[in-house]
Amino acid sequence: MSQSYVMDVHHGNGFSLRSMEIQFLSMLLFIFFGAAPLMPLDAHTVSYTPICDKSNTYYPGSTGTTYDNAFTIPTNDIRVPIWWYAVISVSEGMTSAANTFIGCVPDLRKMVTQVNMTQIDNSEMKQELQDFETMCYAKAKSQFFKDERDNQTVNLNRIQESTDKYGVEDTEWVGSHALSDVYYPTLKSTRPITGFPYNAEDDINADVNKTHPPEYGTPSCSDWWNDSQYGLKNRLYNVLPKSFYDEYKDYLDSEQTRDDLIKNILSKPQHDNSGYQNANDTISEIGYSHLVASVGIWYHQMQEYPKIYAAAEAAPIIQALLLLMAYVFLPFALVFSGYRPSAFITGATLVFSLIFSTFIWHLVSWTDKSLMEALYSNWFAKQGAGASLTDMIIGSLIIAAPLFWFLFMGAVGVAVGHMIGSVASGLHKVGDQAARDGGSFAQSAAKSIAGSL
């Protein structure tokens, strides 16, 4: 009985000792690479360069935004474990490479939203627009109807040339190219307009005003609208900031697009219209016959555009906060997991997935741009059912695409974690087998010794 007891003790000690050695060395290895802060990290070397603006690079604390004062940049010695430093570096590198592969994707949704939200705040310009409608547009449209009734082919042929180029709805707004070419040169303002020089030859009261001439003159309707410095067309086009045109210059290079932009600004209920502008507010490419549909779609877009734009703007902030929480919670998760290899793989998958979400949203933006280019007849006019379909798809993708990505990476992370766990379990089995072999050897030796005694 004593011999058996001794042999059992030898067998148990060897088995436990080998197993503990493997577990201890494995834990020390993962603590060294995944928990010990060894790699120095200077927060001021972290930078961000927009894909569409390679000339500007932003650093923490010097972005020129309110975030500089809201968040304090650490200045003390910062060190990161080797494993997580590598995970972050590889994740950022892969994300940057993927974004570069797609290239610059102008945010057309933001462009349309900015135009939709733009209104004329200048009360003098509002009054001037109303005067222009009364003095120029209404009179020109009346003359156009008269020419149609009297079959004035010369004027009608010139108007037909403009409508062939700019569309049949060209005559339905104050900046009409047809009306501007045919009728505006012969019509003029009945009151002085700021900026335009006074010309005594155009003043029927020149004799009375000879001693004290007016400060400004009464331009023709053509000059009033088209003048490069004081014309209403140029001033309306410049209601938006210069940065807007610098960012989207490639999409605003056609005269038709610029007309659509001005139409959109004019369509806001921002001044009392007395001429034909009330009708112009509901004009779409398909005309008056689809008035109700146009109003419904316009209302839908006014609701959906800000939602999609807000979701896209909030996504990077949510991503940054989730990364913050992941970095805070990871040390606790590793401790409670006993520094198992599968925990490191799962954590790495989580961090990579969060960082790579930047590319997911970039891909959604590319999809949005492509669908808008394919389904939008123009950028700023009221859209049809195809545009509403695009809104629905993109609004869903902004939320669904990252969720699908996390679901996919979660499955991969679990699978890889199980694989690493199996490898580690195999190492333990090697230790267990070594312990068993050692126990068997000790048992045989004990028997030999006992037999010799």
Side-chain angles (χ1 to χ4, degrees), residues 48-54 94-118 240-241 243-254 256-258 260-261 263-265 284-285 294 296-320 322 353-409:
Y48 168 70
T49 302
I51 299 177
C52 296
D53 187 13
K54 296 295 185 181
M94 292 183 63
T95 302
S96 178
N99 285 336
T100 303
F101 178 76
I102 291 183
C104 174
V105 179
D107 192 348
L108 299 186
R109 187 75 56 178
K110 176 183 175 182
M111 177 183 74
V112 176
T113 301
Q114 283 185 316
V115 175
N116 285 341
M117 296 176 65
T118 300
L240 288 158
S243 58
F244 174 86
Y245 299 105
D246 292 340
E247 184 174 357
Y248 302 109
K249 59 183 178 181
D250 294 337
Y251 291 89
L252 303 172
D253 55 352
S254 70
Q256 181 65 53
T257 303
R258 292 193 290 270
D260 292 333
L261 188 153
K263 287 179 186 178
N264 184 286
I265 295 176
S284 69
E285 289 186 346
S294 296
I297 292 172
W298 175 80
Y299 180 74
H300 163 78
Q301 291 173 347
M302 289 299 290
Q303 284 188 314
E304 294 302 320
Y305 274 45
K307 291 179 183 178
I308 297 174
Y309 176 65
E313 291 293 303
I317 301 176
I318 296 174
Q319 177 197 30
L322 289 176
S353 300
L354 285 170
I355 293 176
F356 202 71
S357 296
T358 301
F359 169 72
I360 302 299
W361 286 311
H362 192 63
L363 182 61
V364 171
S365 296
W366 177 84
T367 305
D368 188 23
K369 179 188 77 72
S370 301
L371 287 175
M372 288 180 69
E373 290 178 339
L375 298 177
Y376 276 40
S377 53
N378 55 59
W379 304 120
F380 310 112
K382 301 170 183 65
Q383 305 297 331
S388 298
L389 180 64
T390 303
D391 300 341
M392 182 187 69
I393 293 172
I394 298 304
S396 301
L397 276 181
I398 290 176
I399 305 299
L403 292 178
F404 174 77
W405 168 246
F406 280 111
L407 179 64
F408 176 77
M409 289 304 295

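Starting from 1, each residue takes its place in the sequence as its number.
Here the CG-CG distance, from L354 to L322, works out to 5.5 Å after rounding to the nearest 0.5 Å. Residue I360 holds its CD1 atom at 11.0 Å from CG of L403, rounded to the nearest 0.5 Å. Taken to the nearest 0.5 Å, the CH2 atom of W361 stands 14.5 Å off from the OG1 atom of T367. Here L240 contributes atom CG and T118 contributes atom OG1; the two are 4.0 Å apart, rounded to the nearest 0.5 Å. Once rounded to the nearest 0.5 Å, the distance linking OG of S357 with NE2 of H362 reads 14.0 Å. To the nearest 0.5 Å, atoms CD (Q256) and NZ (K263) are separated by 5.5 Å.
The shortest distance between side-chain heavy atoms of N116 and N264 falls below 4.5 Å. Using a 4.5 Å heavy-atom threshold, the side chains of F244 and L261 count as touching. No side-chain heavy atom of V105 sits under 4.5 Å from any side-chain heavy atom of I51. With a 4.5 Å cut-off on side-chain heavy atoms, P106 and K369 count as touching.
More than 12 heavy-atom neighbours from other residues, nucleotides or ligands sit within 6.0 angstrom of CH2 on W405.
A ring-centre distance under 6.0 Å is found for F356 and F359.
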Trace of the side chain to side chain contact (heavy atoms under 4.5 Å, CB included) decision for E373 with Y251: CA-CA 10 Å; E373 290 178 339; Y251 291 89; 3.3 Å; yes
